[in-house]
Amino acid sequence: MPPHEERDYYERIYKVVNQIPRGQVATYGDIAAIVGDGCDGRIVGHALGALGPNSMKVAWQRVIGRNGKITTSGLHQPDKLAAEGVKFDERGCVLMDQFHWAGPSEAWARENGFQLLPKGGASDEPDNQLSLF
DNA sequence: GTGATGACGATAT
DNA sequence: TATATCGCCATCA
């Protein structure tokens with residue numbers, strides 16, 4: 001990456017969000033972790049909010065809260081996700097066990113100067129990524 | 001430059 | 001498990 005290191009958090013966030021494959025979701029924290037550089041969930045939220053209510057350029061709908069809970073309201077986010085095949089439980093939370101994005105490919109991440117999702121370590125998810133596609 | 005705000009996250013109770 | 005509180009950091013007023 002160029003040493004300039006522009007803090008275009010928004011641009012980088014959009015780029016990462018667009019990497020989320022259809023039918024999967026990621027959390028704000030995940031996006032922040034991939035963007036790295038001290039980015040955190042709030043930055044991601046601001047970036048997506050700045051896009052607008054229906055920016056078709058970025059799949060903001062695939063970015064949700066930490067528990068898989070929809071943090072937005074009035075944006076029909078659950079509806080959009082459901083249209084992609086994502087399912088929710090009775091509590092309105094995304095079934096993270098099945099639809100949680102594992103992160104970008106290592107090649108892509110390094111190619112664009114991003115980071116991979118930090119591995120949980122202990123009781124993490126046993127990489128039982130079901131190939132939905 | 002300072003203070004307030006927010007599409008969050010983690011911890012404490 | 002659910003609610004309350006603190007911390008985090010880039011924007012905006």
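Just so it is clear: chains get the letters A, B, ... in the order the sequence lines come, proteins before strands, and each one is counted from 1. Side-chain atoms are counted along with the backbone in the values below, which use heavy atoms only and exclude waters and symmetry mates.
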Subject >> Gap between atoms OH and C1', on A/Tyr10 and C/dC12 respectively (whole Å) >> reply: 10 Å
**OP:** Verify, without hydrogens or angle tests, whether A/Asp89 (side chain) and A/Arg91 (backbone) share a donor-acceptor contact under 3.5 angstrom.
**Re:** yes
Original post:
Start at the 5' end of DNA chain B and walk down; is the nucleotide closest to A/Gly52 or to A/Arg66 reached first?
Top reply: A/Gly52
Original post:
Which whole-number value in Å describes the distance from A/Met96 CE to B/dG9 C1'?
Top reply: 13 Å
**OP:** Just call it for A/Thr72: base, sugar-phosphate, or nothing, with non-hydrogen atoms closer than 4.0 Å on any strand.
**Re:** base
Original post:
Side-chain donor-acceptor pair under 3.5 Å between A/Tyr28 and A/Thr71, yes or no?
Top reply: yes
Original post:
Which is true for A/Gly49 with a 4.0 Å heavy-atom rule: it touches a base, it touches only sugar-phosphate, or it touches nothing?
Top reply: base
Original post:
Atom OH of A/Tyr28 and atom P of C/dA10: how far apart are they, to the nearest Å?
Top reply: 18 Å
**OP:** Apply the test side-chain contact (heavy atoms from CB on, under 4.5 Å) to residues A/Asp37 and A/Arg12: give CA-CA distance (whole Å), side-chain angles for both, the deciding distance (0.1 Å), then the verdict.
**Re:** CA-CA 11 Å; A/Asp37 191 32; A/Arg12 302 173 89 179; 3.8 Å; yes
Subject >> Separation of C/dT1 P from A/Asn67 CG (nearest whole Å) >> reply: 10 Å
Subject >> Main-chain N/O of A/His76 paired with A/Gln61 side-chain donor or acceptor, under 3.5 Å >> reply: no
**OP:** Consider the side chain of A/Asp40, meaning its heavy atoms from C-beta on, and name the nucleotide among C/dC9, B/dG6, B/dA7 that approaches it most closely.
**Re:** C/dC9
Original post:
Can you name the closest pair of heavy atoms from A/Asn67 and A/Met96 and give their distance?
Top reply: O-CG, 4.0 Å
Subject >> Euclidean distance, atom CG of residue A/Asp89 to atom P of C/dT1 [Å, nearest integer] >> reply: 13 Å
Subject >> Listed nucleotide nearest any side-chain atom of A/Leu48, set B/dA7, B/dG6, C/dA10 >> reply: B/dA7
Original post:
So what does A/Gly74 hit on the nucleic acid, given a heavy-atom distance under 4.0 Å: a base, only sugar-phosphate, or nothing?
Top reply: nothing
Original post:
Which whole-number value in Å describes the distance from A/Ile34 CD1 to B/dG9 P?
Top reply: 13 Å
**OP:** Specify the separation, in whole Å, of atom CD1 of A/Ile43 and atom C1' of B/dG6.
**Re:** 10 Å
**OP:** Please report, rounded to the nearest Å, how far the P atom of C/dA10 is from the CZ atom of A/Arg12.
**Re:** 12 Å
